[in-house]
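No experiment lies behind these values; they were computed from the predicted model shown. Only this structure's heavy atoms are used, side chains among them; waters, hydrogens and symmetry mates stay out.
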Amino acid sequence: MDPNSNVFLKSIRIFNSCFQMTSFGATEIVRNTNANDRLTQWYVITIWSSGYDNTNKKSGSGISNEILNTIRNNGLDIMDCRGQCYDNGANMAGSINGVQSHILRVNELATFLPCSAHSLNLVGVHAAEVSPMMITFFGFIQNIYLFFSGSTSRWELLMQTMKITLKSHCDTRWSTKKQAQILKQINLKFLCLLHFWDSILGQIDKVNLSLQNQNQTIDVATKSLEGLIECIQNIRENGFENALNEAKKIAILTNIPTDFPTIRKIKRKKYDLESNETETNKSSETIVKLQCYQSLDSIITSLKWRFEKMSNISLNFSFLSGRNLSTMGIDDIKKWSDDLALLYSVDLNGGELYTEVQSFKFQDSRLIESFKTATCYDFLKCIHQHCLQDVYPNLEVALRIFLTMPVTTATCERSFSKLKLIKNYLRSTMGQERLSNIAILSIEQEIASKIDYTSIIEEFASKKARKVKFV
């Protein structure tokens, strides 16, 4: 069945909506768990910028109306939506006039989760702007890139020396700063900051890439972010000293002074009531160290509060995993089941969910090879493989709600790359409907390649045939 057809979309009972808009286009995706237990994101519609020429349509109410109309036109019911995912823009994530607030007024169960990849980028952006020293540091790296990229001869000379390709940093893809660094400079402070940020950016970049996976689930994303917080806390303990030692080694090899540049001592007039003790000015090394700690504290604090909502959702469904369920008592299972059923009273019955979870733990745990390490996805896969949907209806619905919760809008953004290839100067007069259909065919080319076009070709040929049969 074509996943982008209305027949397929009308069969979806639980889904989540993801939406991303830029100055040249917008994409909406419906994410659900299909019968084969594969987390999938289906492109419902792609809207070109011509649909957003009106300023009113770029407001929270205007965009929310477009989303609701698109969902309705594709045969879906907004009351079946259990999640929505957008970027952190005020018109999307605003608590009063944002898109998410307008949709929550229609369906209070459509839980809003900001795009995790975008949130992680904002964590890095704010950490790099906590002090003038960090702003100057990344600005200098950008200037180095501009210096080499401004001349083909200098760029060729650089490529002969280095085996990597330099990239300009971007706030929306903050982790690319890791690829924009150069390992040689005249200042020990610069080398120290270079190693210091390299250790941080390397960890953030790995988590950022994992969050952009279209099949990423909230439980895995939460664990990755918790691991990132622990890693940053470990860097805070001894990361500066390690970076300083590595910087001194490179400084010795490149004949760079192994001391921090001296700073001018600040003389301040003392008043009569102040102590006559001699003022002690902080050394350059201490100042750099304190500002590095300030950036690390900003990262840790931002990671905790920006992903607090995702952690809470993951906690609500955490008892539906082999690790927790295998060690839970009956009373704990009943408490967690009742609490979850209270949040989703439209979809779940607390008493029945408790009975099903208890039965699944003791009776069907043997169907899963490693029950103690099984995830929510493994539970749902087991239920469908053994045709137990009628035996555990509430448990199956609860697992589907959790697994279809959106984590990122990165897949929406990938569609814009396709639009750039399709909407070129040769197709400048292409209409909105044809552009959207071609974009969907290009994006879902794996599915489109499996479609049998014989009947479509015959129908098209019969309508276009000019010969008239008289007999």
Side-chain angles (χ1 to χ4, degrees), residues 11-16 31-40 79-83 107-111 113 215-226 307-407:
S11 65
I12 295 178
R13 173 64 179 84
I14 296 173
F15 68 91
N16 292 272
R31 171 176 172 138
N32 83 301
T33 306
N34 63 18
N36 296 323
D37 312 325
R38 295 178 58 189
L39 295 180
T40 312
M79 302 308 295
D80 292 334
C81 181
R82 294 296 175 265
N107 179 11
E108 61 180 6
L109 294 179
T111 306
L113 282 174
N215 290 330
Q216 185 65 273
T217 55
I218 290 182
D219 54 343
V220 178
T222 303
K223 292 178 182 177
S224 299
L225 292 168
E226 290 174 351
F307 296 98
E308 181 179 4
K309 194 169 186 178
M310 179 185 291
S311 300
N312 292 336
I313 293 177
S314 179
L315 182 63
N316 293 334
F317 291 86
S318 60
F319 73 104
L320 298 179
S321 64
R323 179 181 178 182
N324 295 326
L325 191 59
S326 60
T327 58
M328 265 188 185
I330 296 177
D331 294 337
D332 292 333
I333 294 176
K334 180 172 177 57
K335 175 183 177 300
W336 285 92
S337 300
D338 291 340
D339 291 343
L340 184 63
L342 187 63
L343 293 174
Y344 298 95
S345 57
V346 177
D347 305 303
L348 305 174
N349 181 287
E352 295 179 1
L353 178 61
Y354 160 67
T355 304
E356 293 173 14
V357 174
Q358 183 182 5
S359 174
F360 188 84
K361 173 183 177 180
F362 294 106
Q363 298 181 18
D364 297 290
S365 59
R366 294 179 177 83
L367 298 177
I368 303 176
E369 295 182 359
S370 53
F371 182 79
K372 293 184 178 181
T373 59
T375 62
C376 294
Y377 173 78
D378 296 327
F379 283 5
L380 183 62
K381 186 177 180 180
C382 175
I383 291 175
H384 278 272
Q385 281 184 346
H386 298 88
C387 301
L388 300 175
Q389 295 93 320
D390 295 333
V391 180
Y392 304 108
N394 287 270
L395 177 59
E396 195 259 354
V397 170
L399 292 171
R400 287 178 58 197
I401 291 175
F402 180 64
L403 290 174
T404 54
M405 282 285 183
V407 178

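In this structure, Leu340 and Phe317 have side chains that are in contact, with non-hydrogen atoms separated by less than 4.5 Å. Using a 4.5 Å heavy-atom threshold, the side chains of His386 and Val391 count as separate. By the 4.5 Å heavy-atom criterion applied to side chains, Tyr344 and Val397 are not counted as neighbours.
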task: Could you go through the side chain to side chain contact (heavy atoms under 4.5 Å, CB included) check for Val357 and Trp336 one step at a time?
output: CA-CA 10 Å; Val357 174; Trp336 285 92; over 6 Å; no
query: Are Val407 and Met310 close enough, and set up right, to give a side chain to side chain contact (heavy atoms under 4.5 Å, CB included), and what steps lead you there?
result: CA-CA 9 Å; Val407 178; Met310 179 185 291; 4.2 Å; yes
message: Working note: Leu395 + Leu320, criterion side chain to side chain contact (heavy atoms under 4.5 Å, CB included); need CA distance, chi angles, decisive distance, verdict.
response: CA-CA 9 Å; Leu395 177 59; Leu320 298 179; 3.7 Å; yes
message: side chain to side chain contact (heavy atoms under 4.5 Å, CB included) for Arg400 and Ile383? Distances and angles first, verdict last.
response: CA-CA 11 Å; Arg400 287 178 58 197; Ile383 291 175; over 6 Å; no
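The distance from atom CD1 of Ile333 to atom CD of Glu356, rounded to the nearest 0.5 Å, is 13.0 Å. The distance from atom CG of Leu348 to atom OG of Ser337, rounded to the nearest 0.5 Å, is 9.5 Å. From Arg82, atom CZ reaches atom CE of Met405 across 9.0 Å, with rounding to the nearest 0.5 Å. Atom CZ of Phe402 is separated from atom CD1 of Ile218 by 5.5 Å, given to the nearest 0.5 angstrom. Summarising the geometry, atom CG belonging to Leu353 is positioned 12.0 Å from atom CD belonging to Glu396; distances are rounded to the nearest 0.5 Å. Here the straight-line distance linking atom CG of Asp338 with atom CG of Leu343 works out to 11.0 Å at 0.5 Å rounding.
Here Tyr354 pairs with Gln358 under the side chain to side chain donor-acceptor pair (under 3.5 Å) rule; sequence neighbours left out. Residues that satisfy the side chain to side chain contact (heavy atoms under 4.5 Å, CB included) test with Lys309, not counting sequence neighbours, are Thr111, Phe112, Leu113. Among residues two or more places apart in sequence or in another chain, the side chain to side chain donor-acceptor pair (under 3.5 Å) test is passed with Thr375 by Asp378. With sequence neighbours left out, the side chain to side chain contact (heavy atoms under 4.5 Å, CB included) criterion links Asn349 to Glu352, Asn394. The side chain to side chain contact (heavy atoms under 4.5 Å, CB included) search around Ala110 returns Cys81, Gln84, Ile103, Asn107, not counting sequence neighbours. With sequence neighbours left out, the side chain to side chain donor-acceptor pair (under 3.5 Å) criterion links Ser345 to no other residue. Applying the side chain to side chain donor-acceptor pair (under 3.5 Å) test to Glu108 and every residue at least two apart in sequence or in another chain returns nothing. Lys335 meets the salt bridge (charged side-chain N to carboxylate O under 4.0 Å, His left out) test with Asp339; sequence neighbours excluded. Applying the ring-ring contact (aromatic ring centres under 6.0 Å, His included) rule to Phe379 yields the partners Phe360, Phe371; only residues at least two apart in sequence or on another chain are considered. Val220 is linked by a side chain to side chain contact (heavy atoms under 4.5 Å, CB included) to Gln216, Thr217, Ser224, counting only residues two or more places apart in sequence or in another chain.
Under the 3.5 Å distance criterion, the side-chain polar atoms of Ser314 are left unmatched by any main-chain donor or acceptor of Ser311.
Applying the side-chain hydrogen bond (donor to acceptor under 3.5 Å, both in side chains) definition to pairs two or more places apart or across chains, those involving residues 320-331 are Ser321-Asn324.
Contact record, Leu399 with Leu380: CD1-N, 3.7 Å, taken as the closest heavy-atom pair.
For the pair Lys223 and Asp219, the salt-bridge criterion is not met [side-chain N within less than 4.0 Å of a carboxylate O].
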